[in-house]
Amino acid sequence: KPSDKGTLTARMIDRPIRPGFADGFKQEVHVVATTLACDGQNPPDCICVGGASAALLCGGTPFDGPAACVRIARDKETGEFIVNPTYAEQENSDLELTIAGTRDYISMVEAGADEVTEEDMLAAMEFGQEAIAAFCEKQAEFLALVAPEPKEYPIHVADPSIAERVNAHFDEMSAALKDADKLSRMGKVEELKASIKENDFSEEEREMWRSDIAAACKALEKHAMRTMVIETGERADGRSATEIRPLYIRPGYLPRVHGSGLFQRGQTQALSVCTLGLLNEAQRLDTIDPQESKRYMHQYNFPPYCTGEVGRMGAPKRREIGHGALAERAILPILPSEDEFPYAIRVVSEILESNGSSSMASTCGSTLALMDAGVPIKAPVSGIAMGLIKEGDDVVILSDIQGLEDFLGDMDFKVTGTANGITALQMDNKAKGLSTEILGRALQQAKEGRAHILSAMLDEISAPREELRDTAPRIETIHIPVEKIREVIGKGGETIRGIQDSTGASIDIQEDGTVHVAAVDQEAGRAARAAIEAIVKEPEVGEVYEGPVVGIQSFGAFVKLTPSKDGLLHISRMANGRVGQVEDVLNMGDVVKVEVIEIDPKNGKISLDRLDKPDAPEGSAPAREPRGEGREGRENRGEGRRERTDRRPGRANREAANNEHRTPRRRH
């Protein structure tokens, strides 16, 4: 299974290439783009489009090329546009615009931006179009050297009488299309198509021209819809070109989750759910790109039932991954930093009903869910999908397109942003000759539509909630010395696991000593924080501790002050009076209240004094001879020492002999 990055790159190649195939060309085409080497500085994805174009043309495929793709960045400091920026240059950019097409027209646009204005986005597109033309020119020079021979491919041409008979039902098709309800309209259209097949063609013709009749009926539906919009300005559901479908918005729809938002536009409904977690729950990435993880994740689910169909459910398909990535990109610029909000954030958008623009509904629903969860976003984001009907020089730009207008129209142009500017774009174009002037009009019309939707969202929830839900974890952040990280973790993680097990909190330690403590129960969080602070705490002179005796020696007892620090309580400071043995006053495990009186600056050894000393028990001190008084007493003590010396075996005779023959020493 390819990574999401691989899937998104494949979509980026497919979308600008697919519209370039000749009408009637039905042979299967498989393009494989393999990155054989990467320098780690330049993204390899954009050049894949040029490689696919060159491969198709070298093979003589009926393809409207050369085609190319470029990425455009804008330096935050100078404001200059950069073609195909390196990863480092992209870090200093407020725009990431990927644009593809030929010398003459743009076929695909995808962008992420930090609230860029419509005017600046259009300028970036024009700059990108010029860069595409330069890449196409180089590709043409290469193809001239290859000199490929065009191959003959069978182009299927239907019998002209099929279209004549089907097109005779134009008025009936126009009437069938005029229904705001998706399922009702589809039913009427399918009923008309079945009638045409049954009444206008014999059984033999139906068998012989099965696919051609179906294609002609589809072409009639497309022509009727487009003619209706161009000639009358009215759409299938009765709206004008700029009108937005009715909105239904409910933040906090689910009571148990961390945050949720229900967003409905017409017959498209998305329920987005926000979940908060520790930063160590961020998604780890293992791709060719240098990015190793992401803390904000958005998943988009499009189950078959949302369009009234039966289908197999499994891993997300390419379309779902693409739509999820678009909504994720739309939200990223407005998220708080890790320092402001140290959470990993995941939003899942469930499409409950779909009739076009479901990716934009998921973007709006995600904003609602984040605000409901209390995530302090910088600004709310709304999104809208724009469409285009182009017949010759007649052009109509449609706001908030439904499924019919997406399938039968010429453009699907999704725009997301705040009140200040654009945060994301995605466009697929089927109409050749789409100018930047038309794109500029579409951007301006999209801005008006986004403002209308955003206003309705803010009527329901005007700002992020001030407090997190009771069901969400509270995260406290503390900083510990880097050299203390090992002590907090403990041997094999024993210490940190013990804290988590005893308190119920979750703990995440960063390499720089930043510690995030998360717990739904605030008491559990405080207990875990206190345990960590106790481990890294360095005792100071004058501080009072109450701890157990963890070691006994003849000279004193060791008292645990913190999980990693012990101090020595000398035997002379254990009680009032003289203590003969430590065990007379203290035993292992006894809890004693002590004060730090000295810390050796060389080795860090801590000396303690016991507070509230008890009296030493009688008989604890060893028996000693009473001392004499004054000079007489001192003389007596001297005699006692001499007597003890004289009693040693052989000592008295040796001393007497020595004294008899001793010669006094001369002092110099």
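Throughout, residue positions are numbered sequentially from 1 according to the sequence presented. All values below were derived from every heavy atom in this structure, side-chain atoms included, with hydrogens, water molecules and symmetry-related copies excluded.
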Do the non-hydrogen side-chain atoms of R529 and I532 ever get within less than 4.5 Å of each other? no
Tell me, yes or no, whether the heavy-atom count around [X] atom [atom1], taken from other residues, nucleotides or ligands under 6.0 Å, exceeds 12.
X    : atom1 : answer
R319 : CZ    : yes
Q27  : CD    : yes
F142 : CZ    : no
E91  : CD    : no
F407 : CZ    : no
D286 : CG    : no
D512 : CG    : yes

With E338 via side-chain contact (heavy atoms from CB on, under 4.5 Å) - residues at least two apart: L279, R295
Using the salt bridge (charged side-chain N to carboxylate O under 4.0 Å, His left out) criterion, which residues pair with D410? Sequence neighbours excluded. R226
Measure from the side-chain N and O atoms of [X] to the backbone N and O of [Y], and report whether any donor-acceptor pair falls under 3.5 Å.
X    : Y    : value
T268 : G356 : yes
K430 : P19  : no
S362 : S359 : yes
S382 : R450 : yes
S53  : V49  : no
Q445 : I397 : yes
Y343 : I475 : yes
R474 : A472 : yes
Q500 : I507 : yes
E281 : L278 : yes

Donor-acceptor contacts under 3.5 Å from residues 122-130 side chains, at least two apart:
residue, atom, partner, partner atom, Å
Q129, NE2, T102, O, 3.0
Q129, NE2, R103, O, 3.4

Classify the ring geometry of Y296 against H298: parallel below 30°, tilted from 30° to 60°, perpendicular beyond 60°. tilted
Distance-minimising heavy-atom pair for [X] and [Y]:
X    : Y    : result
L425 : F413 : CD2-CE1, 3.7 Å
N429 : I106 : ND2-O, 2.8 Å
H30  : V32  : NE2-CG2, 3.7 Å

Using a strict 4.0 Å threshold on nitrogen-to-oxygen distance, state whether K491 and E494 make a salt bridge. no
Thinking salt bridges, do K414 and D412 make one under a 4.0 Å N-O criterion? yes
Could you pull out all residues at least two apart from H323 that satisfy ring pair (Phe, Tyr, Trp, His ring centres under 6.0 Å)? Y300
Going by atom type alone, with no hydrogens or angles, which donor-acceptor pairs under 3.5 Å involve a side-chain atom of residues 367-376 and a protein atom two or more places apart or on another chain?
residue, atom, partner, partner atom, Å
T367, OG1, T363, O, 3.3
T367, OG1, V381, O, 2.9
D372, OD1, R465, NE, 2.7
D372, OD1, R465, NH2, 3.0
D372, OD1, R469, NH2, 3.3
D372, OD2, S260, N, 2.9
D372, OD2, R469, NH2, 2.9

Output a table of donor-acceptor pairs, distance under 3.5 Å, between side-chain atoms of residues 58-75 and any protein atom two or more places apart or on a different chain; print 'none' if there are none.
residue, atom, partner, partner atom, Å
T61, OG1, L56, O, 3.0
D64, OD2, Y105, OH, 3.2
D64, OD2, K432, NZ, 3.4
R71, NE, E96, OE2, 3.1
R71, NH1, D45, OD1, 3.1
R71, NH2, D45, OD1, 3.4
R71, NH2, D45, OD2, 2.8
R74, NE, D94, OD1, 3.2
R74, NH1, D120, OD2, 3.0
R74, NH2, D94, OD2, 2.8
D75, OD1, E77, N, 2.8
D75, OD1, T78, N, 3.0
D75, OD2, N92, ND2, 3.4

Judged by modelled atom types alone, do S337 and D339 share a side-chain donor-acceptor pair under 3.5 Å? no
Do T423 and T416 have a side chain donor and acceptor closer than 3.5 Å? yes
Intermediate values then yes/no, side-chain contact (heavy atoms from CB on, under 4.5 Å), H516 and T514: CA-CA 7 Å; H516 301 297; T514 301; 3.7 Å; yes
Member of M427, R11, R15 meeting the side chain to side chain contact (heavy atoms under 4.5 Å, CB included) criterion with M108: R15
